[in-house]
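Input: a single structure, listed below in structure tokens.
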Amino acid sequence: MLEIKNLNSGYDGVDVIHDINLRVENGEFLCILGPNGCGKSTLLKSIARILAYRGNIIVDKRELSSFNRKSLAKKIALMGQSSEIYFPYSVYDTVSLGRYAHTEGFLKSLSVEDKDIIADILVRLGIFGEKDRMINELSGGQLQRVFLARTLAQNPDIILLDEPTNHLDLKHQVELLQYLLRWAKDNNKTVIGVLHDLNLVHYYGDNAAIMHNGRLVSYGRPKQVLNGETLNAIYDMDIRKFMLESLENWRNTPTGEA
Ligand SMILES: Nc1ncnc2c1ncn2[C@@H]1O[C@H](COP(=O)(O)OP(=O)(O)OP(=O)(O)O)[C@@H](O)[C@H]1O
């Protein structure tokens with residue numbers, strides 16, 4: 001279980017998130033949503049301990065700051081936005097980095113079990129055939145799957161996803177989320193994901209939290225949060241009306257080729 005109490009964090013001594021309180025159970029998928037710049041990535045980076053914070057982040061009854069780097073990597077992995085800078089490793093080596101927390105040395109010391117785990121994940125994510133390619137030669141969607149594979153290879157208890165379906169077409173968005181969430185439920189993992197697509201939040205989230213100006217302003221079941229007035233006020237539009245009108249347009253469009 002992850003518990004966040006009175007969390008404040010930011011950059012260069014200036015807080016951009018304020019007094020966040022959250023509790024996420026094992027096996028839960030919590031979706032974080034909110035307008036650009038409201039502090040979603042900053043929240044995830046604080047939970048991943050990439051940013052210093054004030055307040056408490058408690059994992060399995062222990063304060064996050066008490067974990068050393070290796071034990072932290074067994075607990076938490078952040079799959080960032082794929083626009084981030086990355087090194088030109090091969091697909092296989094990139095995914096192997098996920099096993100770092102579980103090996104004694106560096107890549108050379110991958111055990112037979114580690115290699116089996118990596119191969120299995122590559123096959124399941126449909127990228128085994130790409131394993132010797134350099135990641136800087138991949139499409140955005142392929143790269144996203146490589147980063148997911150690395151995260152799964154790390155096998156942490158808590159997975160943080162920052163817009164994981166960014167760059168993916170609809171089919172691959174759904175496939176990635178379905179695969180990840182099935183894996184998370186089967187293994188009782190916690191997933192916290194920033195998603196902009198409200199349909200995906202509706203469909204897959206166990207709970208949803210809305211952020212605005214660095215604060216948590218709404219929390220609950222997706223149906224409740226997405227239908228609430230807070231969402232409309234924050235995005236300054238009637239989201240439900242827009243969604244229903246779009247659906248109606250689909251309904252009224254005859255099927256078949258144009
Ligand atoms: N490295 C940084 N240094 C200084 N300020 C930053 C840095 N990264 C983000 N910020 C600022 O912190 C605030 C929150 O940014 P953050 O990236 O957390 O928002 P977000 O909700 O994830 O946005 P988006 O939906 O656009 O990805 C913004 O005002 C942003 O300009």
Side-chain angles (χ1 to χ4, degrees), residues 2-22 24 28-57 64-65 72 76-87 140-141 143-145 147-148 151 156 158-170 172-173 176-177 180 190-205 207-220 222 225-226 228-237 239 242-243:
L2 170 73
E3 215 174 345
I4 297 174
K5 294 182 187 167
N6 305 319
L7 182 74
N8 297 274
S9 170
Y11 307 89
D12 305 320
V14 180
D15 288 342
V16 300
I17 58 171
H18 316 276
D19 285 325
I20 307 280
N21 290 284
L22 265 176
V24 198
E28 178 180 336
F29 177 32
L30 170 69
C31 300
I32 310 277
L33 50 152
N36 294 135
C38 71
K40 304 178 296 295
S41 299
T42 305
L43 174 62
L44 293 194
K45 285 183 206 160
S46 307
I47 302 172
R49 226 179 68 188
I50 293 169
L51 288 177
Y53 62 87
R54 297 193 321 288
N56 303 100
I57 301 178
L64 201 65
S65 53
L72 184 68
I76 299 180
L78 170 65
M79 185 178 148
Q81 301 186 2
S82 69
S83 53
E84 70 192 27
I85 297 162
Y86 48 84
F87 297 101
L143 193 58
Q144 209 93 334
R145 279 186 278 163
F147 288 150
L148 177 65
T151 307
I158 300 170
I159 297 180
L160 309 172
L161 305 168
D162 201 347
E163 299 180 37
T165 52
N166 188 352
H167 291 295
L168 297 182
D169 59 53
L170 185 60
H172 284 106
Q173 286 185 23
L176 182 139
L177 275 181
L180 171 69
T190 302
V191 180
I192 303 178
V194 170
L195 291 180
H196 282 298
D197 188 324
L198 304 181
N199 288 317
L200 295 178
V201 174
H202 229 145
Y203 208 79
Y204 293 110
N207 283 305
I210 306 182
M211 290 184 71
H212 186 48
N213 290 338
R215 295 184 187 275
L216 203 65
V217 292
S218 183
Y219 170 84
V225 168
L226 295 175
E229 282 308 308
T230 313
L231 193 74
N232 292 346
I234 284 172
Y235 286 98
D236 195 24
M237 68 181 280
I239 304 254
F242 177 79
M243 291 295 196

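Owing to the predicted nature of the structure, the values given are computational and were not obtained by experimental measurement. Whatever order the structure lists ligands and atoms in, that order sets their numbers, starting from 1.
Heavy-atom proximity to E163, at under 4.0 Å, picks out these atoms of ligand 1: 25 (O), 27 (O). Ligand 1 places these atoms under 4.0 Å from at least one heavy atom of T42: 14 (C), 15 (O), 16 (P), 18 (O). Those atoms of ligand 1 with a heavy atom of H196 less than 4.0 angstrom away are 25 (O).
Under a 4.0 angstrom heavy-atom cut-off, M211 registers as lying outside contact with ligand 1. The closest approach between any non-hydrogen atom of G37 and ligand 1 is below 4.0 Å.
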(message) Using the rule given for side-chain hydrogen bond (donor to acceptor under 3.5 Å, both in side chains), can you reason through E28 versus N207, listing the C-alpha separation, both sets of side-chain angles and the distance that settles it, and then say yes or no?
(response) CA-CA 8 Å; E28 178 180 336; N207 283 305; 2.9 Å; yes
(request) Take D169 and H172 through the test side-chain hydrogen bond (donor to acceptor under 3.5 Å, both in side chains) and record every step on the way to the result. (result) CA-CA 5 Å; D169 59 53; H172 284 106; 3.0 Å; yes
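For ligand 1, none of its N or O atoms has an N or O atom of V16 under 3.5 Å away. Polar contact with ligand 1: absent for G34 (N/O pair, distance under 3.5 Å). Remark: ligand 1 and S41 share an N or O pair separated by less than 3.5 Å (distance only, no angle test). Considering backbone and side-chain atoms alike, K40 places an N or O below 3.5 Å from some N or O of ligand 1.
The shortest distance between side-chain heavy atoms of L216 and N21 does not fall below 4.5 Å. Contact of the V194 side chain with the L33 side chain is not registered, since no non-hydrogen atoms from C-beta on lie closer than 4.5 Å. K40 places none of its side-chain heavy atoms less than 4.5 Å from the side chain of I17.
Taking the charged nitrogens against the carboxylate oxygens, K45 and D162 have no contact shorter than 4.0 Å, which rules out a salt bridge.
More than 12 non-hydrogen atoms from other residues, nucleotides or ligands lie less than 6.0 angstrom from OH of Y11.
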